[in-house]
Amino acid sequence: MKITLPPARRLGAEITDLDVRDLSPEMAGQLKHQLYEQRLLIFRDQKLSKQEYIDFAKKIGRPQIYFQKNYHHPEHPEIFVSSNVPENGQKVGVAGTGKYWHTDYQFFQEPLPFVMVYPQILPESRRETYFIDMQRVYEDLPDELRAYVENTRAIHDGKWRYKITPQDIDRALIDILDEASKLVPPVMHPAVIQHPLTGRKSLYMSSGFTTGLEGLSYEENAAVLRRLFAFIEREEHIHTHTYRMGDILLWENRTLLHKAGATPKGERNMSYRIGVYDDLPFYVGAN
Ligand code: 7UC
Ligand code: FE
C-alpha cells in the first residue's frame, strides 16, 4: 500500500499498490487515521464485485441502508445507485443525484460520517465530483460573516430535493410535498461543528440543503445565506476529482461538501455509493 499525500491545503490522498480485498484490520486502521486527517482518499485500479465492495465498506465501518428504497440496488440495499442505465429493461436507482452542494444525510439528526463512491460506468466525455474543505472555509471566513455563524444553529431541509417516483403519478404536487415534509422534517445542527476526534472546527451548511440560520427573519436569512454560500463556493475552495475507471473515493462527510458533476446529454453514467458510520458522534460540543 502506497499513500501519496496532496500538497498543503489541498485535498485528495492517493492510495496505490493496494487491492482493497487484501486490506488487513491494521491497514484499515491506518487508512481511517489518514481519512480523518486528509478527508478524501482515492483508491486506484480497483476491480470489485458488489459484495466485495460492501465487504470493503465493512472494514472501514458500518454500512448504511438509505432511507428511500427507490435508490437501493435491488439485491444489495447497502448500495445506493445513481444511474441512468436500465438493467434487464428495468430502471435501477435514481438518475442524477446530488448535483448541488451538500453533505449526505445533512437533513437528518445523524448525518453520515463517511461516504464511498465507486463508478461502474463512466460517461464517455468525463465524470467529476467536486469537493469543498469546510475546515479551511471556517479558518478563512471573514470576521463579518463569522459573526453570523458562531454560537447558532443552521436549519436543513431535505424535502426540496425529493425525487418523484412512479407512485407519485396522478398525485397533486401539494400532497407530494406535504408527505415529503413529514418524511424528512427540517433539522438543526450547529452552524460550526467540532470534530469528535481531531477537535477541529468546520462550517456546516450547504446551498443544497441549508435553508436558514436560527433566529433570523426570512429577509435576513436570504441575504446572509447568499453571502455565506458565495464565500463557501468560491473557485479557490473547489477541488475537482476527475474519475478514472477503477477509482473508489472515500471521504469524510463531516468536513467536506460535495457536488456531483453533470452527465452530458445522451451519455451513460452509473455509480455505486455506500454510506458508512464510524460510530463516533457526528460532532461534539456545539460551537
Ligand atoms: O437524489 C438525491 O440528490 C439524493 C439526496 C436527496 N440525498 C442524498 C443524501 O444522502 O443526503
Ligand atoms: Fe451526495
Side-chain angles (χ1 to χ4, degrees), residues 11 39-42 57 61-73 76-85 91-120 127-134 154-168 176-177 179-189 193 204-211 232-233 238-241 243 247-263 269-278 282-283:
L11 288 173
R39 276 82 48 62
L40 173 62
L41 306 183
I42 300 143
R62 186 165 53 83
Q64 173 213 40
I65 311 273
Y66 194 73
F67 79 110
Q68 285 182 290
K69 272 202 174 129
N70 54 318
Y71 290 83
H72 294 184
H73 187 282
H76 299 275
E78 297 91 342
I79 299 179
F80 168 114
V81 182
S82 184
S83 169
N84 63 10
V85 184
K91 174 174 168 56
V92 179
V94 172
T97 61
K99 295 182 183 225
Y100 44 85
W101 288 110
H102 67 289
T103 73
D104 289 335
Y105 258 47
Q106 190 165 29
F107 54 99
F108 282 93
Q109 218 48 257
E110 267 304 306
L112 274 172
F114 302 145
V115 180
M116 282 183 174
V117 166
Y118 184 23
Q120 306 293 301
R127 158 99 163 87
E128 297 175 331
T129 301
Y130 312 106
F131 294 92
I132 293 176
D133 180 351
M134 295 295 275
I155 304 153
H156 311 275
D157 196 336
K159 72 169 172 292
W160 303 109
R161 304 287 168 188
Y162 176 82
K163 300 286 167 66
I164 301 301
T165 72
Q167 288 93 288
D168 295 319
I176 296 171
L177 191 58
E179 194 177 283
S181 55
K182 285 183 185 128
L183 187 66
V184 286
V187 300
M188 295 214 263
H189 296 294
I193 60 170
Y204 193 65
M205 60 182 59
S206 68
S207 54
F209 289 137
T210 309
T211 53
I232 293 167
E233 295 166 17
I238 300 175
H239 169 84
T240 300
H241 177 78
Y243 289 89
D247 284 355
I248 298 178
L249 262 52
L250 166 57
W251 70 86
E252 218 220 9
N253 188 55
R254 288 182 178 92
T255 63
L256 300 183
L257 296 188
H258 66 281
K259 168 178 158 166
T263 304
N269 188 13
M270 186 202 288
S271 190
Y272 287 170
R273 158 185 142 183
I274 303 180
V276 181
Y277 291 104
D278 61 1
F282 194 75
Y283 48 78

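Counting starts at 1 for both ligands and their atoms, following the listed order. For the numbers below, each heavy atom of this structure counts, side chains included, while hydrogens, waters and symmetry mates do not.
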#### Entry: Identity of the N, O or S atom of D104 lying closest to the Fe ion (ligand 2)
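Checking each N, O and S atom of D104, the shortest distance to the Fe ion (ligand 2) belongs to OD1.
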### Query
What N, O or S atom of H102 is found closest to the Fe ion (ligand 2)?
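Distance check against the Fe ion (ligand 2) picks out NE2 in H102.
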### Query
How long is the gap from CH2 on W160 to OH on Y100, to the nearest 0.5 Å?
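Nearest 0.5 Å value for the CH2-OH distance: 14.0 Å.
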#### Entry: Donor-acceptor side-chain pairing of Y162 and S181 below 3.5 angstrom
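Result is no, nothing qualifies.
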Checking the N or O distance criterion of under 3.5 Å, is ligand 1 in contact with [X]?
| X | answer |
| --- | --- |
| H102 | no |
| K163 | yes |
| Y66 | yes |
| R161 | no |
| T103 | no |

### Query
Counting heavy atoms only, which part of W160 comes closer than 4.0 Å to ligand 1: side chain, backbone, both or neither?
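Neither part.
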Starting from [atom], locate the nearest protein heavy atom and write down its residue, its atom name and how far away it is, to 0.1 Å.
| atom | answer |
| --- | --- |
| atom 4 (C) of ligand 1 | Y71 OH, 3.6 Å |
| atom 9 (C) of ligand 1 | Y105 N, 3.5 Å |
| atom 5 (C) of ligand 1 | Y100 OH, 3.3 Å |
| atom 10 (O) of ligand 1 | R273 NH2, 2.7 Å |

#### Entry: Cation-pi, F282 ring and R254 (6.0 angstrom, 45 degrees)
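Yes, R254 sits over the ring of F282.
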### Task
Describe, in one word, how the ring planes of H189 and Y204 are oriented to each other, choosing from parallel (under 30°), tilted (30 to 60°) and perpendicular (over 60°).
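Because their plane-to-plane angle is over 60°, the rings of H189 and Y204 count as perpendicular.
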### Query
Within less than 4.0 angstrom of ligand 1, does F107 place any heavy atom?
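F107: in contact with ligand 1 (<4.0 Å).
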### Message
Below 4.0 Å from ligand 1: does a non-hydrogen atom of G98 turn up there or not?
### Response
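Contact check G98 vs ligand 1: positive.
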### Task
Would you mind checking if D247 and R127 are paired as a salt bridge, meaning a charged N to carboxylate O distance below 4.0 Å?
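Salt bridge flag = no for D247 with R127.
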### Query
Between R161 (side chain) and G208 (backbone), is there a donor-acceptor pair under 3.5 Å?
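Side chain of R161 to backbone of G208, a donor-acceptor pair under 3.5 Å: yes, one is there.
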### Message
Looking only at the aromatic ring of each residue, does the gap between the centers of Y118 and Y272 stay below 6.0 angstrom?
### Response
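No, the ring centres sit 6.0 Å or more apart.
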### Query
Are any of the side-chain heavy atoms of I65 and E78 separated by less than 4.5 Å?
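Side-chain contact under 4.5 Å: yes.
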### Query
Considering all heavy atoms of both residues, which atom of M116 and which atom of A57 are nearest to each other, and what is their separation?
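Where M116 meets A57 most closely, the heavy atoms are CE-CA, 3.7 Å.
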